[in-house]
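Have a look at the structure below before the remarks.
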2 protein chains.
Amino acid sequence: MRLALQAGWEYQGLAYPNPGVGAVITKNGKLLCIAAHEKSGSSHAEVLALLGAYEYISGKTIEFDRQNAFLAHQFLRSLPNSFFKDCTAYVTLEPCNHTGKTTSCATLLIDLKIKSVYIATIDPVPSHSGGAKRMQESGIDVHIGLLQKEADELIEPFSIWQKRAFVLFKLAQTTNGRITNGVISSEVSRIHTHKLRSVASKLAIGGNTVRVDRPTLDCRMIDAKAPDLFIYTTDKDNIDKNIPLFNIQNRNVSLGDNLDFLQTPSFVLVEGGEGMLKAWQDKIDWLLIYQAPMLDSKRLSYNIDMKLKTLHHKNIGDDLIIWSKKI
Amino acid sequence: MRLALQAGWEYQGLAYPNPGVGAVITKNGKLLCIAAHEKSGSSHAEVLALLGAYEYISGKTIEFDRQNAFLAHQFLRSLPNSFFKDCTAYVTLEPCNHTGKTTSCATLLIDLKIKSVYIATIDPVPSHSGGAKRMQESGIDVHIGLLQKEADELIEPFSIWQKRAFVLFKLAQTTNGRITNGVISSEVSRIHTHKLRSVASKLAIGGNTVRVDRPTLDCRMIDAKAPDLFIYTTDKDNIDKNIPLFNIQNRNVSLGDNLDFLQTPSFVLVEGGEGMLKAWQDKIDWLLIYQAPMLDSKRLSYNIDMKLKTLHHKNIGDDLIIWSKKI
């Protein structure tokens, strides 16, 4: 389950509006595949893990697009009955119980006659849940609650953006907490930021940063649509409309200091420094820090008092990526 | 092998003068046990992993002190011939080839008729190595070089302290790089520091810290012998000998600014702030940072320019522990 959680964190936020979910398939205690749900509209974690397990067992390679959920379900259902009968699935979130273009993941696992399913936490959205119960009633050995606290942390953004905006504040800093003056983080970190921008409902940025840096704030590193922008400023007439960010097609830019839009269920990414941290401190849910491995004496630090809880950390290129929660 | 490396890092520095080593035992692809060498004079990683694998396979619990290498070897040799014949060992460092109170680990693995051994890196000390070759000649399926770079990083302190002092600079900071004014890190982090102090050849500290903080610098949290001290100062007569650190039995305290002792093979732990970082920057091999999950506006930051490479990071209590190398 720890491996499934780790996999889920790889795509934290990126599957918006879906939650981060990871899955692992084992057979007689042997690990066959680890997978995660990568993007809204594509195959769920348990489906990808089953496809990987098929490849491991059969020694064959899947030729179709495994992110195509319809093809993936169809393929898994075409396998000999009982292909997965000795397998166990570990899923960080209850398999879905929703029939759309495909049958639900719960139905798929039932029909594939998988032996047992470990679920870390139940889907918090009532209309999505019920999969565990159905699997149990169909004779699958279902266990609920393994690493539940960790799984609830993984889907906290999802739980929040059901009700209101989930606010993720992004910072790039050196090991000794310096944030100003040019690019600090590695290219891999910046690509990751562009991926988050590309799925976020809105990117919020401080007016002073816009005035000084004159940024573009697009997703050019991954060739995706630039996010809609909210420029936080109390002086909205004092922003030069020739700044590149205004010249991007299909982008909505709003300005001001009214944060009522945060009441709308959505995913708001905030990029800024000390000023934005202070102005938004009551609104921030999580912090995302890219920490570059260097000590620096020239850049400026940032002053604010905030207690955090570290949720997840890993290497991203040469940097550390640290997800934490404001407590 | 990744799991073995992670296990080895858990005891980084703590097995001084031995290296950090991790080992994993599998059987038909199934993970049976993960273990690490914890302390000089006690059982090696592969021996502990074999004991754990025995417990897993047999369902029995070992009653003797598994850290007693003599008892551990004796027990493993008493098992039915071929108990481990389908098992594979993953060891981050070549099994030792040295006979002392027990036969070498290489001989043990040969006599236990283990099927295969994956070794990440060969022992850099010529008089210790040769185990891989002997195992190969005895018919074990030996593979060398899996994650070798990572394994070489794990034992870099060991490679260095063969020739001269390995200098580890320890810092406790907030997420935004603040280091002054009282305790920052969690109790678990401070216990870890006391463990490192208890094995280090010497603890080095700045004269100003001694004058201002009047510390004890012992290992009271783990009830171990306080380390010998080196107080780095250019004004060695200006230190009050009533400071608690001077009143600890069996402790040697030296003072001055002569760092020639760093030419002696040893493990020197340095604790300090900006002043010591600047004074010792050319001598530092690695940085050990305990990063407490908080942003702070009152404490001071530290100014220095240094490029780092992150080697390992993990949770330690509520903090992050980050091992990095000066590059």
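The chains referred to below are lettered A, B, ... by the order of the sequence lines, with proteins before strands, and numbering in each begins at 1.
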* From B/Thr310 OG1 over to A/Lys314 NZ, what is the distance, rounded to the nearest 0.5 angstrom? -> 12.5 Å
* Near A/Glu187 CD, under 6.0 Å, is it more than 12 heavy atoms from other residues, nucleotides or ligands? -> no
* Structure fact -> Bottom line for B/Ile327: the part with an atom under 4.5 Å from chain A's heavy atoms is neither
* Look up atom CG in A/Asp318 and atom OG in B/Ser324, then write down how far apart they are to the nearest 0.5 Å. => 12.0 Å
* Looking at side-chain heavy atoms only, is the closest gap between B/His313 and A/Asn315 below 4.5 Å? -> yes
* Asked: Just how far is it from atom CD of B/Glu274 to atom OG of A/Ser297, taken to the nearest 0.5 Å?
  -> 8.5 Å
* To do: Could you look at B/Ile322 and say if it's the side chain, the backbone, both or neither that has a heavy atom under 4.5 Å from chain A?
  => side chain
* Structure fact -> Counting heavy-atom pairs under 4.5 angstrom with chain B, the leader among A/Lys326, A/Lys30, A/Gln173, A/Lys298 is A/Lys30
* Structure fact -> If one checks every heavy atom of B/Ile304 against chain A at 4.5 Å, the contacting part turns out to be both
* **Any A/Leu295 side-chain heavy atom under 4.5 Å of B/Leu287 side chain** => yes
* What do you reckon, is OH of B/Tyr11 surrounded by more than 12 foreign heavy atoms closer than 6.0 Å? -> no
* To do: Heavy-atom distances under 4.5 Å only: say whether A/Ile179 touches chain B with side chain, backbone, both or neither.
  => neither
* Residue A/Leu171 versus chain B: region with a heavy atom under 4.5 Å -> neither
* Asked: Does A/Tyr302 offer a backbone N or O that forms a donor-acceptor pair with the side chain of B/Asn176 under 3.5 Å?
  -> yes
* Asked: Heavy-atom count around B/Tyr56 OH within 6.0 Å, excluding the residue itself: above 12?
  -> no
* Is there a side-chain contact between A/Pro293 and B/Lys325, using heavy atoms and a 4.5 Å cut-off? -> no
* Structure fact -> With chain A, the option among B/Gln291, B/Lys307, B/Lys309 that has the most non-hydrogen atom pairs under 4.5 Å is B/Gln291
* Asked: Quick one: what part of A/Thr175 sits under 4.5 Å from any heavy atom of chain B, side chain, backbone, both or neither?
  -> both
